Colleague: 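Once you've had a glance at the structure underneath, I'll fire off some questions.
Indexing begins at 1, ligand by ligand and atom by atom, following the structure's order. All of these numbers come straight from a predicted model, not from anything done at the bench. FYI, side chains are in, hydrogens and waters are out, and symmetry mates aren't considered; it's all heavy atoms of this structure. All residue numbers refer to positions in the sequence shown, counting from 1.
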Amino acid sequence: MSWNSKGQSRLRRRFHKQVDRAAQDYVASLRFDRRLYRYDIEGSIAHAKMLAKQGLISEDEASLIVSGLVAIKEEIERGEFNFRAECEDIHMSIEERLFEKIGDAAGKLHTARSRNDQIAVDMRLFVKEAVGDTIERIRKLQRAIVGLAENNKTAIMPGYTHLQQAQPVMFAHHLLAYFEMLERDVMRFSDCLKRVDVLPLGSGALAGVAYPVDREFLARELGFSQISHNSIDAVSDRDFVIEYEAAAAITMMHLSRLAEEIVLWSSQEFGFIEIDEAYVTGSSIMPQKRNPDVVELARGKTGRVYGSLVAILTVMKGLPLAYNRDMQEDKEGLFDTVDTLISTLEVLCGLLSTMKINAVRMRESMSGYILATDLADYLTKKKLPFREAYEIVAELIKYAADRGKDLHALSLAEYRRFSRLFDEDVYAITLDTSVNARNVVGGTAVEQVSAALARARKILEAHHGK
Ligand code: ARG
């Protein structure tokens, strides 16, 4: 009954011509927006209940509609639903099927509603759930990071600036930097949720609806904490998609930096870590290879997430109010971003939970020169102005390097050639004293790192199951 004698869909009956095939395929979104079926049905069920409550349709009609929609949901989930290309989008597919199932009562569902507020509500429901899933995954990765840090509490590694050895740091301290980044990511997603959590339904095509609808009821039914306050904005706003994608882009940037470090650390030259076999791939030609493809792809996939963000920003920038079909382009990028981010978080979590640390190698990779700042600090503590101390140590290092010597290999006499302030206790400066000297909140001293680990644990416990 949904197709008339000319085989035209419900939306085309008033036209004389058949739609051009290529044009039909071009505007159709069913291929990807079928993913919204659950939210679309949820929104429609709430809408039908509201219409009945307001006396806009009868209770019988509402229950017919609701049971029809529930049955359709089951059909889709059993893989028995026929997604017909002519249906254009998920909304029309479900509506057409509802007509087939319950007859004319189906025609009452779209009372006081437009596809414009319908898609807006579907998308918001989708993003709300995606934010929840994303935060949960980030929390898991944070747990893996804290676990790895706790299991390697004593490891000291070279800290870098410009990828040049700078100062020694606790490996756990370095890892916890990522915990902090991810903590900010969680905050960004949680904050974005406040603006996603707004019900647009009741905005109609753009001007509101000419029926006494109960929007507060709809908000309660669908779990929205607020309702929108301008119908034009409500149907033309996709900020919430952009905000999710922006938060995702920043998170991917963080994950990409972590991935890059894992690539480096697992190289023969560094050898700081060994990625578990479950997360490496071989080469088709070089039998010795253990390639870190997983982390390389985490780094690589960051590009598509940035791409989707730029794409949706660009789609939106020139649009007059209110709804424009351009906005259909919000979906594939968003879906791809959610999938990419969640799968990246998942594989990195597994990889970090299984990788092995080579603490000996980390230590051995550091030359004594990494303690240059500590030598300068040593002189400064003996009341020399820091800039002078810096000069002296610079000379000293040049002297040692010219002779191919490490700092510990220099005699006291050699030290004293550069400053009379050097004494026997200069040999007491080690990687461990260097690390522990930085006993400031946020610093790398063992005491501080233990406190930071406890703090991280506390944050994770506070959010457990949330
Ligand atoms: N498929 C459309 C989208 O994703 C749904 C809304 C269509 N509304 C319309 N008036 N054509 O944006």
Colleague: Could you tell me, atom by atom, which parts of ligand 1 come under 4.0 Å of a heavy atom of Gln328?
Modeller: 1 (N), 2 (C), 3 (C), 4 (O), 12 (O)
Colleague: When you measure from the centre of the six-membered ring of Phe217, is the NZ or CZ of Lys49 under 6.0 Å away and within 45° of the axis?
Modeller: no
Colleague: Heavy atom of His91 under 4.0 Å from ligand 1?
Modeller: yes
Colleague: For Glu243, run the side chain to side chain donor-acceptor pair (under 3.5 Å) check against Arg188, Lys194, Arg238, Arg195 and tell me which one passes.
Modeller: Arg195
Colleague: Under 4.0 Å from a heavy atom of Ser29: which atoms of ligand 1 are those, numbered in the order shown and with their elements?
Modeller: 1 (N)
Colleague: Judged on heavy-atom distance to atom 8 (N) of ligand 1, which of Leu36, Asn116, Asp40 sits nearest?
Modeller: Asn116
Colleague: What protein heavy atom sits nearest atom 11 (N) of ligand 1, and how far away is it?
Modeller: Arg115 NH2, 3.6 Å
Colleague: Between the side chains of Glu129 and Tyr39, is a donor N or O closer than 3.5 angstrom to an acceptor N or O?
Modeller: yes
Colleague: What residue and heavy atom of the protein are closest to atom 6 (C) of ligand 1, and at what distance?
Modeller: Tyr323 OH, 3.5 Å
Colleague: Please lay out, stage by stage, how Thr134 and Tyr244 fare under the test side-chain hydrogen bond (donor to acceptor under 3.5 Å, both in side chains).
Modeller: CA-CA 10 Å; Thr134 306; Tyr244 180 92; 2.7 Å; yes
Colleague: With a 4.0 Å cut-off on heavy atoms, is Lys331 touching ligand 1?
Modeller: yes
Colleague: Could you verify whether a donor N or O on one side chain and an acceptor N or O on the other, from Glu274 and Asn358, lie under 3.5 Å apart?
Modeller: no
Colleague: Asp89 heavy atoms, cut-off 4.0 Å: which ligand 1 atoms fall inside?
Modeller: 1 (N), 5 (C)
Colleague: Please determine if Lys301 forms a cation-pi arrangement with Tyr306, meaning its NZ or CZ atom is less than 6.0 Å from the six-membered ring centre and no more than 45° off the ring axis.
Modeller: no
